[in-house]
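These notes concern the structure reproduced below.
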Amino acid sequence: MNLEREFRMAGVDGWLHAVDLDNGTQVGHGPDTPVVTASVFKVPLLVELARQADAGVLDWTEQVTVTDADRVFGPTGVSAFLDDATLSLRDLALLMIALSDNTAADLLLARVGADRVNAMLDGFGFAGTRVVTSAAGLFQSTVEDVGRAWPVVDPEEIARLRVLDPAQTNRSTPRECTGLLELIWTDRAASPERSAWMRTVLGRQVWPHRLASGFPYDDVGVSGKTGTLPTVRNEIGVVEYPDGGRYAVAVFTRAHSTAYNQPRADAVIGTAARMAVDHLRG
């Protein structure tokens, strides 16, 4: 298994961790390297929402009216709505994961609290994973660094973006991401009821061009969450086979090209994940 060659041929630097959720066998490529999470930060936010619902800190059926003043840049979900909409917290969570809706994420982050998300991560031993800013904060940082928002393709401008530096933005490691997925899939992230709900939500992600592209079979399930920023293409998720095999995989990439469209970077996420899972399956 030559992951380095696959990443190089795709024109990216890549980092990966995969683990068999039933026997603990692992494989990695720079698995403890700090990486930019981009929208993958929405997964720990999902976990803390579920845990607060478990604890009675919030009612996840609480209705929230989203207005124009709440909207954050983004092409999906309520971010793209033209009119006010009223949804429950758990339906906002569905949009946050399935469509990567930035407005939904920021409304939930304001309700749940970044400090509570990070305390939860500390409690599980994920000291390398941090949520330090909202989706709106990511875009505002870009404006401050280069004078405008997405898309940014100029190499000199991209070199100035703090959102591409794990030390200055939302971050994790591939191993910690698979660790969080393992907790969700083994009912330890929250109660069994809400862990099952999180698995369902992650299974409804609509994007098939990254992790899922490596497993194009009707009987193989892929649940996940993507993340995208200039030169950054990520996805973490769980692959489930009809024989009961379950594998958490996290793939993070940073493209050498600054082009807006990165089809090779998208595709290598599926390729690398498939290689890792095949290795674990023997």
Residue pair Val143, Trp150: steps toward the side-chain contact (heavy atoms from CB on, under 4.5 Å) verdict: CA-CA 9 Å; Val143 172; Trp150 182 284; over 6 Å; no
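- Going from atom CG of Leu229 over to atom OG1 of Thr231 covers 8.0 Å, rounded to the nearest 0.5 Å.
- Using a 4.5 Å cut-off on side-chain heavy atoms (C-beta onward), Val47 and Leu45 make no contact.
- Rounded to the nearest 0.5 angstrom, Leu46 CG and Arg194 CZ are separated by 12.0 Å.
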CA sep, side-chain torsions, deciding dist, call: Val268, Gln262, side-chain contact (heavy atoms from CB on, under 4.5 Å): CA-CA 10 Å; Val268 80; Gln262 296 279 355; over 6 Å; no
Trace of the salt bridge (charged side-chain N to carboxylate O under 4.0 Å, His left out) decision for Asp59 with Arg90: CA-CA 9 Å; Asp59 175 2; Arg90 64 179 171 182; over 6 Å; no
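- Looking at Asp68, its side chain never comes within 3.5 Å of a backbone N or O of Asp83 through a donor-acceptor pair.
- Judged by distance alone, the side chains of Glu176 and Thr129 do bring a donor and an acceptor atom under 3.5 Å apart.
- Residues Leu99 and Leu94 form no side-chain contact, since every pair of their non-hydrogen atoms from C-beta on lies 4.5 Å or further apart.
- Cluster annotation: Val222 is not connected to Val206 through the hydrophobic network of ILVMFWY side chains, with a link wherever side-chain heavy atoms come within less than 4.5 Å.
- Sparse packing is recorded around CZ of Arg204, with 12 or fewer heavy atoms of other residues, nucleotides or ligands lying under 6.0 Å away.
- Annotation: cation-pi pair Arg175/Trp15 absent, no NZ/CZ under 6.0 Å from the ring centroid and within 45° of its normal.
- Distance check: Phe252 CZ to Phe7 CZ gives 11.0 Å after rounding to the nearest 0.5 Å.
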Working for salt bridge (charged side-chain N to carboxylate O under 4.0 Å, His left out), residues Asp22 and Arg246: CA-CA 7 Å; Asp22 296 300; Arg246 306 178 300 166; 2.8 Å; yes
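- Here the shortest heavy-atom pairing between Leu49 and Ala93 reads CD2-CB, 3.6 Å.
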Worked verdict on Val66 versus Asp84 for side-chain contact (heavy atoms from CB on, under 4.5 Å): CA-CA 5 Å; Val66 185; Asp84 293 354; over 6 Å; no
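- At distances below 3.5 Å, at least one donor-acceptor pair connects side-chain atoms of Ser213 with backbone N or O atoms of Arg210.
- Under the 4.5 Å side-chain heavy-atom criterion for Ile, Leu, Val, Met, Phe, Trp and Tyr, Val238 and Trp197 are members of the same hydrophobic cluster.
- Between Asp13 and Arg254 there is no salt bridge, since no side-chain N of the basic residue sits under 4.0 Å from a carboxylate O of the acidic one.
- Nearest heavy atoms, Thr178 versus Ala248: CG2-O, 3.7 Å.
- Judged by the 6.0 Å distance and 45° axis criteria, Arg71 is not positioned over the aromatic ring of Phe81.
- The closest side-chain heavy-atom distance from Phe124 to Leu183 is below 4.5 Å.
- A donor-acceptor distance shorter than 3.5 angstrom exists from the side chain of Thr37 to the backbone of Asn170, with no hydrogens or angles considered.
- For Pro75 against Ala80, the heavy-atom pair with the smallest separation is O-CB, 3.7 Å.
- Side-chain atoms of His17 and Val19, non-hydrogen and from C-beta on, do get closer than 4.5 Å to each other.
- Side-chain atoms of Asp145 come within 3.5 Å of backbone N or O of Arg162 as a donor-acceptor pair.
- The two residues Cys177 and Ala250 make their nearest non-hydrogen contact at CB-CB, 3.9 Å.
- Counting only heavy atoms from C-beta outward, the side chains of Gln205 and Glu235 approach each other to under 4.5 Å.
- With rounding to the nearest 0.5 Å, the separation of CH2 in Trp207 from OG1 in Thr228 is 9.0 Å.
- Following chains of ILVMFWY side-chain contacts shorter than 4.5 Å, one can reach Val117 starting from Met96, so the two form part of one hydrophobic cluster.
- Remark: the backbone N or O of Met9 is paired with a side-chain donor or acceptor of Arg264 at under 3.5 angstrom.
- Contact of the Arg130 side chain with the Phe41 side chain is not registered, since no non-hydrogen atoms from C-beta on lie closer than 4.5 Å.
- For the residue pair Lys225/Ser39, the side-chain donor-acceptor check at 3.5 Å is not satisfied.
- Checking Arg281 against Tyr241 by side-chain atom types alone, no donor-acceptor pair falls below 3.5 Å.
- Of all heavy-atom pairs between Ala149 and Val152, the closest is O-CG2, 3.8 Å.
- A distance-only check finds no donor-acceptor pair linking the side chain of Asp122 to the backbone of Ala127 [under 3.5 Å].
- Leu280 and Leu21 fall into different hydrophobic clusters, defined by Ile, Leu, Val, Met, Phe, Trp and Tyr side-chain heavy atoms under 4.5 Å apart, directly or through other members.
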Trace of the salt bridge (charged side-chain N to carboxylate O under 4.0 Å, His left out) decision for Arg116 with Glu48: CA-CA 7 Å; Arg116 294 289 299 272; Glu48 180 56 22; 3.8 Å; yes
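- Of the candidates Leu181, Ile269, Val249, Leu181 is the only one forming a side-chain contact (heavy atoms from CB on, under 4.5 Å) with Ile236.
- Scanning all heavy atoms of the two residues, the minimum distance from Ala190 to Arg51 falls at CB-CG, 4.1 Å.
- To the nearest 0.5 angstrom, Gln52 atom CD is 10.5 Å from Leu108 atom CG.
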Verdict with supporting geometry, Leu92 and Val64, side-chain contact (heavy atoms from CB on, under 4.5 Å): CA-CA 9 Å; Leu92 285 171; Val64 177; 4.1 Å; yes
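- Using a 4.5 Å heavy-atom threshold, the side chains of Leu180 and Pro44 count as touching.
- Within the 3.5 Å criterion, the main-chain N or O of Ala135 finds a donor-acceptor partner in the side chain of Asp106.
- In this structure a side-chain-to-backbone donor-acceptor pair under 3.5 Å is present from Thr103 to Val72.
- No more than 12 heavy atoms of other residues, nucleotides or ligands lie within 6.0 Å of CD in Glu156, so this atom counts as exposed by the packing criterion.
- Of the possible polar contacts, none joining the Arg5 side chain to the Leu3 backbone as a donor-acceptor pair under 3.5 Å is found.
- Phe73 and Phe139 have perpendicular rings, their planes meeting at more than 60° on a 0 to 90° scale where under 30° would count as parallel.
- Counting heavy atoms from C-beta on, the side chains of Ile184 and Val43 come closer than 4.5 Å.
- Remark: Leu89 CG to Trp60 CH2 distance equals 10.5 Å, nearest 0.5 Å.
- Between the side chains of Asn23 and Asp20, at least one donor-acceptor pair of N or O atoms lies under 3.5 Å.
- Under the 4.5 Å side-chain heavy-atom criterion for ILVMFWY residues, a single connected hydrophobic cluster contains both Phe126 and Met198.
- Between the side chain of Asp101 and the main chain of Val78, a donor-acceptor pair closer than 3.5 Å is present.
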